[in-house]
Amino acid sequence: MSKSKLSDVVVDEIREHIYIREVYGKTLVELGREYPELVVLDADLTVSTKTSLFGKEFPERFFTMGVSEQDMMATAAGFALSGKIPFASTFAVFATGRAWEHIRQSIAFPKLNVKIVATHAGVTVGEDGATHQALEDIALMRVLPNMTVIVPADAVETEKVIRTIVKHQGPTYVRLARAKFPTIFKKNYEFEIGKAKVLREGKHVAIFAIGIMVYEALEASKILEKEGISAFVVNVSTIKPIDVETIVECARIAGAVVTAEDHNIIGGLGGAVAEVLSEHYPTPMRRIGMRDRFGTSGDGLQLLEYFGLKARNIVQAVHELLEFNSAKKSVSFK
Amino acid sequence: MFKRTRDVEVLKEIARQVRIDLLKALHHAKSGHTGGSLSSVEILVALYFAELRHDPKNPRWENRDRFVLSKGHGVPALYAVLAHAGYFPREELLTLRKPGSRLQGHPEYDLSIGIEATTGSLGHGLSAANGMALAAKLDKKDIRVYVLLSDGELQEGATWEAIMTASYRKLDNLCAIVDRNRFQNDGAMADIKDIEPLPDKWRAFGWEVEVLSDGHDFAGLLSAFDRARVTKGKPFVIIANTIKGKGISIFENQGKYHGVAPTDEELKLALRELGENI
Ligand SMILES: Cc1ncc(C[n+]2csc(CCOP(=O)(O)OP(=O)(O)O)c2C)c(N)n1
């Protein structure tokens, strides 16, 4: 039964692992040709964020701001006030952390059309360690009124996201990562701001995931399937505005929810889903993510292992949750 | 027992060994900041082996001078210097950038290995040093505070806030050193966002300025530290003109070696140039 429940936008087998920040850079170059008003700013990380690709092609519309993130964000606001479409990029920790108040006052509050595309979010940053691993950027951006917050799950979605936000009016934050991501979507995958995508239909549990954890969630669903547990897998790539309808619908059918993210479980996807469910359809849940701690140096993908952010950790959370649910039916709540 | 020295030949030999060790550590870690580590070596060796009053066997000694590495990405050089000074075994350098290691990719506050402040996000270190210098004055302690800045982080607004604080507060127990290697991540600073005229800027902000034409020359570094120590009423900055990638021909002034570790081949060549047989 379950094979057919996999959405036809998901590949049958992983064939590629791609740097999604490179997809960002390449897409920027293509959009640069279509949109003469597009400008790109970067704070001394152009080769890492891949905005350097745009810089080579359009040097006159490319602004190297140096190590000046706050200056960069407020300058981007000025560009937006003058009718340009500014993309501002740096590592997520500096984009959202160092420049947070500039974003709040100069971009989010006046609803300016600035696209903040940050790379190197999460523990998959790897060896640079805790200072460089943004584990709170989603929380910091999500809490700002007017801000749209998007986390693509692979190369295909990244391209669609960048092509979508250039047409979207308003402050937007896109979270990219450093590591190569497995390509999980076929070319026919469609992205729409505010729509969560059900990648697999299930019955017993709903797994909501973002970023590289969408791949881990799909892997987890395969393991669960062998155990007779049928799991929804939902890609919640727009964290804000969040897709209340899809989240509630899946939670209603499954009665158990697990979230998975490479971010602090406080304030990120786990927090956002918990907010939705506690208001609309209270459902027992478990959150997979960074458990309110900082990261460490190490190989980026191995750190997913180190911090318990793998498919088997999702499976374990599902087991706990289903046991909890069945115990709850017989034992009264403390 | 750890002893300071002003013997330039001894310091040069330490610097050579430090370069060897930091390159081996970076190579082993397979990632990290090579160019900006190499440009800081003489400054750090001069500080830890000639200038700072510190005791590697008693890293929590409360009257020690303080050092803040504001350019946190250059920490492989600092780890190698600390290991040579005796803060921890040199073998530990090979744990650089590994999960749970004390030698993280960017320095984390840990007095057990002589790291005085968590840095890595550029533009924080001078403020932290100001705080230490202010605390020393408050406690009427004869503690001097040293901080190493990169030229790239002089593009951060926060750095200039701190520069103003230090002179307004007359922090003459503070000495800043700028590792002026003229490169940042994106390339030559003059092509990205120039910061000249640099000495004039510091002077205008109320600092005593010494420019060293060769920031790898120990005699110059030591006499600049001497001057800093006797300068009263204002903070002191040494703008040390250095070479990014210093000491290894293929790395010198090559922007692309900012954030990558040496390959097997590059390490071999580098060690040969440093007179190390392998
Ligand atoms: C606030 C902040 N922004 C960006 C970075 C990423 N980064 C690491 S090193 C560097 C610049 C390197 O140039 P410089 O500061 O001059 O260092 P050096 O040449 O001495 O290595 C940048 C932008 C950072 N560490 N902190």
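Just so it is clear: chains get the letters A, B, ... in the order the sequence lines come, proteins before strands, and each one is counted from 1. If you're wondering where the values come from, they're calculated on a predicted model, not measured in any experiment. We use all heavy atoms of the structure for the numbers below, so side chains are in, but hydrogens, waters and symmetry mates are not.
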Give each N or O donor-acceptor pair spanning chain B and chain A at a distance under 3.5 Å, with atom names and distance to 0.1 Å, or state none.
unit_1, atom_1, unit_2, atom_2, d
R97(B), O, G298(A), N, 3.4
R97(B), NH1, D128(A), OD1, 3.3
R97(B), NH2, D128(A), OD1, 2.7
G100(B), N, T296(A), OG1, 3.3
Q104(B), OE1, T296(A), OG1, 3.0
Q104(B), OE1, S297(A), N, 2.7
Q104(B), OE1, S297(A), OG, 3.3
Q104(B), NE2, T296(A), OG1, 3.3
G105(B), N, S297(A), OG, 2.8
H106(B), ND1, D128(A), O, 2.8
S121(B), OG, R98(A), NH2, 3.1
L122(B), O, R98(A), NH1, 3.3
L122(B), O, R98(A), NH2, 2.5
H124(B), NE2, R98(A), NH2, 2.7
Q155(B), O, S68(A), OG, 2.7
Q155(B), OE1, V67(A), N, 2.7
E156(B), N, V67(A), O, 3.3
E156(B), OE1, R98(A), NH1, 2.7
E156(B), OE2, R98(A), NH1, 3.1
Q184(B), NE2, D44(A), OD1, 3.1
Q184(B), NE2, D44(A), OD2, 3.1
N185(B), N, D44(A), OD1, 3.3
N185(B), N, D44(A), OD2, 3.1
N185(B), ND2, D44(A), O, 2.9
D186(B), N, D44(A), OD1, 2.7
D186(B), OD1, T46(A), N, 3.0
D186(B), OD1, T46(A), OG1, 2.7
I192(B), O, T64(A), OG1, 3.2
K193(B), NZ, M65(A), O, 2.8
K193(B), NZ, S68(A), OG, 3.0
K193(B), NZ, D71(A), OD2, 3.0

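- Counting heavy-atom pairs closer than 4.5 Å to chain A, the top-ranked of the candidates G120(B), G187(B), G123(B) is G120(B).
- Highest contact tally toward chain B, considering only G129(A), G66(A), G97(A), A130(A), is held by G66(A) [criterion: heavy-atom pairs under 4.5 Å].
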